[in-house]
Amino acid sequence: MMTHEETTPVLVGAGQVTAGEPDAERTPIGLIAEAARAAAEDCGVAGVLGQIQSLTCLNILAPAYPDAPASLARRLGIDPGERFYTPIGGNMGQWLVGYYADRIAAGGLDCALIAGGEALATQMRGKGAGLSGVIDTESGEGPRLLGDDREPTNATEQRHGLDLPIQIYPLFEQALRGRYGHGPIEHRQMLGELYARLNAVAVRNPQAWRREPLSAADIAERTPKNRMVGAPYTKHMNAIIAVDQAAALVMMSAAKARQLGIDPERWVYPLAAANAHERWFVSERADLSRSPAIAACGERLSAASGLTIDEIDHLDLYSCFPSAVQMARDALGIAAHDPRPLTVTGGLAYHGGPGNNYCTHAIAEIMARIRADRSATGLVSGVGWYMSKHSLGLYGGRPPAGGWRPIDTAGLQAEIDAGPVVDIVEQAQGKGRIETYTVMHDRADRPIQGIVLGRLSDGRRFVANTPTDTDLLDAMTNEEFLDRTGRVRNDGKRNLFTPDG
């Protein structure tokens with residue numbers, strides 16, 4: 001029987017690829033394979049890819065492969081006993097580390113590969129036209145899926161234009177602004193300062209997609225080159241998805257790493273991992289400025305590791321939009337002016353957000369810092385959909401005391417599910433007030449749609465659009481509309497909210 005020292009999971013290899021130069025032949029699987037080979041080489045010994053027992057390829061947004069894990073295995077020339085794929089979720093890179101750590105610690109697995117990436121920059125340049133028809137023509141049963149693949153929005157949200165991250169994350173931001181007591185101008189300046197700190201990290205990171213320095217004013221001010229997207233977010237506050245990036249991680253048991261002769265100075269230990277989801281649909285959450293799931297995960301990580309948040313050296317908080325950073329920071333108890341950078345990569349707005357694989361890049365960067373200082377620790381948080389799915393992990397240069405211990409996911413989730421429930425009215429009528437809101441803008445920086453989450457006088461929540469009057473939408477973009485009263489009615493298809501005044 002193996003001891004916990006032998007089955008302790010370790011990360012032994014990390015590979016990253018950022019391909020900024022145009023290449024019409026570039027494909028996602030090609031980039032992912034390149035990152036996987038780099039991760040194997042990073043282990044410092046030969047033959048690592050041939051030891052892989054389980055391979056997971058993270059979800060590729062485009063093109064649609066019939067079986068991406070099988071395509072990746074063929075490209076690498078390996079035949080692992082298991083091949084998995086993931087649903088959409090920016091948390092999945094971190095989720096997979098916890099998944100494989102549990103299995104390795106249980107003694108059922110020795111070696112795994114986590115890999116993902118995108119070539120969306122190539123495709124959006126128009127040089128990848130037709131790729132989805134020629135990359136992978138083999139058919140089959142399709143890949144086995146790991147993770148939560150529920151639809152992210154309900155019919156009511158969809159009817160009112162809540163379909164995409166750019167439409168939903170601004171709602172969290174306005175709710176945060178209300179909780180902080182900031183006016184619109186003050187708050188946007190604060191967002192510029194917050195994201196300038198992330199940008200400063202990207203400038204120093206050779207793997208970042210966008211490395212030009214930006215000041216707080218560059219980020220916050222609305223200009224022809226920095227248009228409004230979903231108020232209050234300018235373009236520089238949105239994740240960059242059009243990137244050609246990939247990253248991969250190799251995980252093993254300590255016994256396997258020792259057998260292969262991998263230098264223990266290259267080992268990085270997962271110390272603890274926790275996963276949870278919020279009440280699933282955004283419109284059903286009681287407080288749109290807070291994340292009970294992240295708070296609960298953080299408490300479990302601290303209890304499992306003995307580390308407080310102030311004792312962790314390196315942080316990477318998922319940064320698809322500023323609200324995600326602030327909600328995680330607040331939930332974990334990190335002070336607003338904590339001197340530690342909140343990212344090790346530069347964040348999704350500057351490092352780049354390669355679809356569902358950003359966390360893998362963050363973990364690779366954390367690994368580099370721990371290898372440079374064996375006493376260091378790091379935390380990575382990942383987010384799926386609309387602050388919906390959360391995965392957090394702690395890492396260090398020394399093994400967890402007593403070996404790896406899985407965290408009770410069912411008990412954690414039950415705690416969150418027991419939280420307050422919001423009563424939603426689908427066809428709203430009468431007096432109401434705005435709880436949070438955003439205004440969507442087109443590529444010419446013109447306001448095109450107002451989206452409101454509000455409360456009726458009896459406390460029930462409604463989702464609504466506003467009239468498309470340009471003057472109103474401009475006012476909502478630039479002025480204070482939180483808690484503004486008005487009337488809501490249903491036109492047979494949607495709720496329409498008209499503010500007073």
Side-chain angles (χ1 to χ4, degrees), residues 14-22 31 35 38 90 93-94 116-121 124 165-166 169 173 188-221 223 225-227 229 233-247 313-326 328-329 334 336-370 372 376 378-383:
Q16 297 186 75
V17 177
T18 295
E21 294 298 319
L31 279 177
Q94 171 55 48
E118 297 284 352
L120 289 169
M124 291 184 181
I166 59 172
Y169 278 86
E173 191 63 60
R188 198 184 302 169
Q189 290 172 340
M190 182 275 290
L191 295 181
E193 293 166 3
L194 174 69
Y195 260 39
R197 293 178 61 195
L198 274 65
N199 173 259
V201 177
V203 170
R204 301 189 300 269
N205 181 6
Q207 293 291 342
W209 188 257
R210 182 180 187 180
R211 298 182 64 192
E212 62 268 37
L214 296 172
S215 68
D218 292 333
I219 295 166
E221 290 178 8
T223 68
K225 292 185 178 180
N226 190 36
R227 66 181 180 87
V229 181
Y233 290 153
T234 61
K235 185 177 180 181
H236 290 334
M237 298 176 190
N238 287 249
I240 304 174
I241 196 171
V243 297
D244 289 358
Q245 290 180 317
D313 299 291
H314 303 291
L315 305 168
D316 197 274
L317 306 184
Y318 200 79
S319 51
C320 50
F321 297 90
S323 54
V325 179
Q326 295 164 90
R329 182 193 66 193
I334 301 168
H337 299 293
D338 191 295
R340 292 170 295 179
L342 299 179
T343 178
V344 292
T345 69
L348 282 84
Y350 312 114
H351 167 276
N356 302 289
N357 196 49
Y358 169 80
C359 272
T360 315
H361 289 269
I363 294 166
E365 292 290 340
I366 289 285
M367 287 176 64
R369 284 157 174 75
I370 291 172
L379 178 145
V380 172
S381 74
V383 175

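In what follows, every heavy atom counts, from backbone to side chain, and hydrogens, waters and symmetry copies are set aside. Only a predicted model underlies this, so the values are computations on that prediction, with no experimental measurement involved.
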Check: T234 side chain, I219 main-chain N or O, donor-acceptor pair, under 3.5 Å: yes
Is any side-chain heavy atom of E173 less than 4.5 Å from a side-chain heavy atom of F321? no
Take S319 and Y350 through the side chain to side chain contact (heavy atoms under 4.5 Å, CB included) test and state the conclusion after the steps. CA-CA 10 Å; S319 51; Y350 312 114; over 6 Å; no
In terms of heavy-atom contacts, M367 and A14 come closest through SD-CB, 3.8 Å
Can you measure from CG (L120) to CG (D244) and round to the nearest 0.5 angstrom? 7.5 Å
Mind checking whether D313 and R369 have side chains closer than 4.5 Å, heavy atoms only? no
H314 side chain reached by E365 side chain, heavy atoms, under 4.5 Å: no
Any donor-acceptor N/O pair, R188 side chain to E221 backbone, under 3.5 Å: no
Rounded to the nearest 0.5 Å, how far does NE2 of H361 lie from OG1 of T345? 9.0 Å
Heavy-atom side-chain contact between D218 and N199 under 4.5 Å: no
Are side-chain N/O atoms of N357 and T360 paired as donor and acceptor at under 3.5 Å? yes
Hey, mind stepping through Q245 and H351 against side chain to side chain contact (heavy atoms under 4.5 Å, CB included) and telling me if it holds? CA-CA 10 Å; Q245 290 180 317; H351 167 276; 3.6 Å; yes
For G382 and C359 the tightest heavy-atom approach is CA-SG, 3.4 Å
Name of the residue among L194, L317, L342, I334 meeting side chain to side chain contact (heavy atoms under 4.5 Å, CB included) with Q326: L194
Would you call R197 and E193 a salt bridge, taking side-chain N to carboxylate O under 4.0 Å as the test? no
Please find the pair of heavy atoms, one from P322 and one from L191, that lie closest to each other, and give the distance. CB-CD2, 3.8 Å
Please report the interatomic distance CD1(I241) to CG(L348), rounded to the nearest 0.5 Å. 9.5 Å
Can you name the nearest heavy-atom pair linking I370 to G378, along with the distance? CD1-N, 4.2 Å
Are V325 and Y195 close enough, and set up right, to give a side chain to side chain contact (heavy atoms under 4.5 Å, CB included), and what steps lead you there? CA-CA 10 Å; V325 179; Y195 260 39; 4.1 Å; yes
Nearest heavy-atom contact between A242 and A121 is O-CB, 3.4 Å
So C320 and Y358, do their side chains get closer than 4.5 Å, heavy atoms only? no
D316 side-chain N/O to I363 backbone N/O, donor-acceptor pair under 3.5 Å: no
Mind listing the closest non-hydrogen atom pair of L31 and A119 along with its distance? CD1-CB, 4.1 Å
